[in-house]
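Reading through the structure tokens given below for one structure.
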Amino acid sequence: MSQHGTDEEVKIKRHAGTPCIREPGLFSHDRPLVNLSVERERYAKRKCAGCDVAADCLRWALVNPSSSKAGIWAATTIRERQILRARLHNRLGRNWWMIVRGNHNK
Ligand code: SF4
């Protein structure tokens, strides 16, 4: 799958109020080899649950697997995102990402 959604990532990251901007170390977006503790993972997920760009974030993370291969994005772990992608592929076909992405990156 090719990369899509760079503009969306920028939009999300520029949203100054996001918990992952305020506490980047908690979400480990840039540290693929770091295993989060259960407590830290739960805490980050709770923060995402209250984030007002969570829907855009989840969409971006799902259609950009190589850019979201670490940490918590939209209250999901890398394993949970892999499962979601597999389910979307099974239900929507190989171009599922185009449906999920929609017009949000245009
Ligand atoms: S949903 Fe979570 S990872 Fe996504 S922008 Fe909000 S705080 Fe950051």
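In listed order, ligands and their atoms are each counted from 1.
Listed by number with element, the atoms of ligand 1 under 4.0 angstrom from any heavy atom of His29 are 3 (S). Near Ala74, the atoms of ligand 1 lying under 4.0 angstrom from a non-hydrogen atom of the residue are 1 (S), 2 (Fe), 3 (S), 4 (Fe). Residue contact check: Ala54 has heavy atoms under 4.0 Å from atoms 1 (S) of ligand 1. Within ligand 1, counting atoms from 1 as listed, the ones closer than 4.0 Å to a heavy atom of Val53 are 5 (S).
Scanning both residues, Lys47 and Leu26, for their nearest heavy atoms gives CG-CD2, 4.2 Å.
The nearest N, O or S atom of Cys51 is closer to atom 6 (Fe) of ligand 1 than 2.8 Å. At least one N/O/S atom of Cys20, whether from backbone or side chain, sits less than 2.8 Å from atom 8 (Fe) of ligand 1.
A heavy-atom separation below 4.0 Å is found between Ile72 and ligand 1.
Side-chain contact between Ile72 and Cys48 is present, with at least one heavy-atom pair separated by less than 4.5 Å. At a threshold of 4.5 Å between non-hydrogen side-chain atoms, the residues Lys45 and Arg42 do not count as touching. Using a 4.5 Å heavy-atom cutoff, the side chains of Trp97 and Ile99 are not in contact. Taking 4.5 Å as the limit, every side-chain heavy atom of Trp96 sits out of range of all side-chain heavy atoms of Arg91.
Around atom CG of Asp30, no more than 12 heavy atoms belonging to other residues, nucleotides or ligands sit under 6.0 Å away.
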